[in-house]
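So the structure is just underneath, and the comments pick up after that.
Predicted model, so just to flag it, every value in this text is computed and none were measured. In this chain, numbering begins with 1 at the start of the sequence shown.
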Amino acid sequence: MSSNRYRYAIVGTGRPHNSDGATGFGMAHTHMPAFQSTAKVDLVAIADIRDDNAQIFLSKYQSEAKHYADYRELLAVERPDIVSICVWPHLHAEMAIAAAESGVKAIHCEKPMATTWGDCKRMKAAADAHGALLSFNHQRRHIKLFQAVRQAVRDGAIGDLVMIEAQVGGLFDWGTHWLDMMFFYNEEQAAEWVIGQIDSRTERRVFGAYEENQAISHFKWRNGVRGILLAGHDASIGATHRLIGTEGVLEVLTERTMRLRGKGDAEWRIVEVPQGELNEHRLTALDIVRQLDEPGHRSFLNVDNAIQHTEVIYATYESSRHRGRIDLPLIPEDSALLALLAEGAIGPNRRA
Ligand SMILES: NC(=O)c1ccc[n+]([C@@H]2O[C@H](COP(=O)([O-])OP(=O)(O)OC[C@H]3O[C@@H](n4cnc5c(N)ncnc54)[C@H](O)[C@@H]3O)[C@@H](O)[C@H]2O)c1
């Protein structure tokens with residue numbers, strides 16, 4: 001292991017989850033202990049427009065890191081090697097792009113990627129142009145149960161993969177995690193087409209970002225496997241994820257439990273997979289830092305993996321606008337969800 005240490009900065013501290021005055025989950029309070037535990041980073045600065053949140057953060061971690069109200073000034077003055085971006089989704093793109101342009105080596109940004117498809121593409125383009133290692137916090141890739149699911153498929157436990165189904169509370173916010181897992185199970189294949197529909201009869205926002213009430217997304221990957229994601233308050237498939245193969249079925253029940261009825265199984269087999277010593281956040285931080293220690297190593301939370309499933313989210317919105325199947329790559333760069341809302345075609349102010 002290299003003995004290098006890296007200059008680390010966080011943009012958006014929030015307040016600890018469920019504490020007084022918290023506006024969200026305070027994800028910076030998850031990133032910080034995870035990156036500290038690598039013993040490879042020194043927190044040099046934080047940026048937050050709220051001084052109270054910043055001071056709570058610095059005192060909690062007994063840190064003498066500098067506080068900036070303006071994240072651009074932090075980037076220019078502190079020249080961090082690694083930056084965590086822990087603000088709401090509408091700010092992800094401008095911050096990740098500014099970080100890449102300022103020379104940050106590894107940018108670890110919270111999910112979902114951004115609030116338009118064009119912004120997602122611009123983030124990747126900026127990272128690629130400046131050689132920045134951009135990743136998104138789809139930390140569930142580091143949960144052992146999900147890794148065991150992918151391994152079971154690789155081992156042929158359910159024959160050849162035919163279909164992956166999932167249920168989720170919302171397509172945009174949580175949907176990004178489960179679509180990410182679906183692409184992970186299917187070996188990061190690119191999707192070929194998407195057909196979907198959304199319903200948005202009441203205003204719903206998650207971390208400030210507008211989210212539909214219900215959605216269905218049906219898509220086909222280039223290797224022929226199909227995906228179906230049901231989203232919203234009434235979404236139910238009787239499991240969290242279901243993987244259907246030519247010779248069996250595997251269902252994810254919790255983040256520690258799956259059940260499997262594969263080749264030669266007369267009954268369901270329950271399989272428990274404990275996480276082990278390191279939680280997914282610590283494993284994520286180790287993986288991000290390793291990219292700097294070992295040139296050539298790329299975190300598997302990298303932008304190339306994230307953007308593939310994010311395209312399905314925006315293509316589902318586009319399918320609803322277009323009233324038909326969307327063949328990828330997705331061309332329109334806006335969010336059809338936001339455009340339909342703005343023109344009164346969906347949403348609480350929908351024209352009759
Ligand atoms: N990976 C996960 O499992 C997971 C879980 C929850 C939330 N999230 C994501 O984390 C992100 C952040 O959510 P949160 O709940 O931590 O938010 P939060 O509300 O707890 O904290 C956000 C912080 O950003 C600050 N901020 C706002 N504008 C800023 C600016 N221009 N410059 C600097 N700071 C600014 C706010 O003052 C606040 O302190 C969201 O994208 C959310 O989707 C991810």
Side-chain angles (χ1 to χ4, degrees), residues 111-118 120-121 124 136 138 140-141 146 149-150 153 158 160-200 211-232 234-246 249-252 300 302-337 339-340 346:
K111 46 53 63 176
M113 286 186 75
T115 47
T116 69
W117 175 235
C120 297
K121 292 203 291 186
K124 174 175 157 47
F136 291 87
H138 297 111
R140 286 178 174 77
R141 284 174 174 253
F146 298 134
V149 170
R150 184 175 70 168
V153 175
I158 56 169
D160 295 331
L161 194 55
V162 174
M163 163 93 88
I164 306 176
E165 304 168 345
Q167 66 178 48
V168 75
L171 176 60
F172 186 72
D173 178 60
W174 251 91
T176 188
H177 281 303
W178 283 167
L179 282 166
D180 190 56
M181 293 320 309
M182 293 165 88
F183 276 68
F184 173 73
Y185 297 148
N186 194 25
E187 305 288 352
E188 325 294 357
Q189 286 284 316
E192 191 177 306
W193 54 252
V194 179
I195 183 163
Q197 180 60 283
I198 55 171
D199 186 84
S200 177
E211 184 163 72
E212 74 298 321
N213 298 118
Q214 289 177 277
I216 178 166
S217 181
H218 178 204
F219 52 97
K220 181 184 173 192
W221 281 282
R222 294 223 178 111
N223 63 352
V225 177
R226 264 65 167 182
I228 292 185
L229 180 74
L230 298 187
D234 254 349
S236 179
I237 63 163
T240 302
H241 309 153
R242 177 178 297 116
L243 292 85
I244 301 166
T246 50
V249 177
L250 188 162
E251 291 185 346
V252 171
F300 69 158
N302 68 60
V303 60
D304 291 328
N305 289 341
I307 203 164
Q308 294 213 114
H309 83 255
T310 302
E311 188 175 23
V312 171
I313 296 176
Y314 284 104
T316 303
Y317 295 148
E318 187 59 33
S319 178
S320 195
R321 169 162 69 182
H322 179 74
R323 299 186 179 88
R325 190 181 89 182
I326 301 301
D327 295 327
L328 304 182
L330 175 64
I331 305 299
E333 297 215 335
D334 63 347
S335 159
L337 172 74
L340 290 168
I346 61 168

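Closest approach of L337 to I346, counting heavy atoms only: O-CD1, 3.6 Å. When all heavy atoms of M181 and F146 are compared, the closest pair comes out as CE-CB, 3.4 Å. Looking at every heavy atom in both residues, C120 comes nearest to I307 through O-CD1, 3.7 Å. The minimum heavy-atom distance linking N305 with F300 is given by the pair ND2-O, 3.2 Å. Shortest non-hydrogen contact noted between L330 and P332 is CD1-CD, 3.8 Å. When every heavy atom of D334 is checked against every heavy atom of A339, the shortest pair comes out as OD2-CB, 3.6 Å.
For E212, there are no salt bridge (Lys or Arg N to Asp or Glu O under 4.0 Å) partners two or more places apart in sequence or in a different chain. Residues satisfying the salt bridge (Lys or Arg N to Asp or Glu O under 4.0 Å) test with R141, not counting sequence neighbours, are D180, E188. By the salt bridge (Lys or Arg N to Asp or Glu O under 4.0 Å) test, E311 is found to be paired with no residue, residues two or more places apart in sequence or in another chain being considered. Applying the side-chain hydrogen bond (donor to acceptor under 3.5 Å, both in side chains) criterion to S320, with sequence neighbours excluded, gives Q197. With sequence neighbours excluded, the residues forming a salt bridge (Lys or Arg N to Asp or Glu O under 4.0 Å) with E187 are R154, listed by chain and number. Every side-chain hydrogen bond (donor to acceptor under 3.5 Å, both in side chains) that R325 has, sequence neighbours left out, goes to D327. For K124, the side-chain hydrogen bond (donor to acceptor under 3.5 Å, both in side chains) partners two or more places apart in sequence, or in a different chain, are D128, D304. Taking the side-chain hydrogen bond (donor to acceptor under 3.5 Å, both in side chains) definition, one finds that N213 meets it with T202, sequence neighbours left out.
Interatomic distance, T316 OG1 to I216 CD1, rounded to the nearest 0.5 Å: 9.5 Å. To the nearest 0.5 Å, the span separating CD on Q167 from CG on L230 amounts to 8.0 Å. In this structure, R321 CZ and I198 CD1 are separated by 10.0 Å, a value rounded to the nearest 0.5 Å. Here the CE atom belonging to M163 is positioned 9.0 Å from the CE atom belonging to M182, to the nearest 0.5 angstrom. Considering CH2 of W178 and CZ of F183, their distance stands at 15.5 Å, rounded to 0.5 Å.
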Donor-acceptor contacts under 3.5 Å from residues 234-243 side chains, at least two apart:
unit_1 : atom_1 : unit_2 : atom_2 : d
T240   : OG1    : L253   : O      : 3.3
H241   : ND1    : Y185   : OH     : 2.8
R242   : NE     : E251   : OE2    : 2.7
R242   : NH1    : E165   : OE1    : 2.7
R242   : NH1    : I237   : O      : 3.1
R242   : NH2    : I237   : O      : 2.4
R242   : NH2    : E251   : OE2    : 3.1

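In terms of modelled atom types and a separation under 3.5 Å, the side chain of S319 and the main chain of A315 share no donor-acceptor contact. For the pair T246 (side chain) and D160 (backbone), a donor-acceptor distance under 3.5 Å is present. Of the possible donor and acceptor atoms, one in the side chain of E211 sits under 3.5 Å from a partner among the backbone N and O of D173. For Q214 (side chain) and G232 (main-chain N/O), no donor-acceptor pair under 3.5 Å exists by modelled atom type.
In this structure, the side chains of L328 and F219 stay at 4.5 Å or more apart for every pair of heavy atoms. Contact annotation: the side chain of P112 never approaches that of I313 to less than 4.5 Å [non-hydrogen atoms, C-beta and beyond]. Between L171 and L179 the shortest side-chain heavy-atom distance falls below 4.5 Å.
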### Message
Run the side-chain contact (heavy atoms from CB on, under 4.5 Å) test on E318 and W117 for me, step by step, so that the C-alpha distance in whole Å, both residues' side-chain angles and the decisive distance to 0.1 Å come before the verdict.
### Response
CA-CA 10 Å; E318 187 59 33; W117 175 235; over 6 Å; no

### Task
Could you check V303 against M113 for side-chain contact (heavy atoms from CB on, under 4.5 Å), going step by step and ending with a plain yes or no?
CA-CA 9 Å; V303 60; M113 286 186 75; 3.9 Å; yes

#### Entry: From CA spacing to verdict: side-chain contact (heavy atoms from CB on, under 4.5 Å), W174, K111
CA-CA 9 Å; W174 251 91; K111 46 53 63 176; 6.0 Å; no

### Message
Run T176 and F136 through side-chain contact (heavy atoms from CB on, under 4.5 Å) and show every step you take.
### Response
CA-CA 10 Å; T176 188; F136 291 87; over 6 Å; no

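Annotation: ring pair (Phe, Tyr, Trp, His ring centres under 6.0 Å) contacts involving residues 309-330, sequence neighbours excluded, comprise H138-H309.
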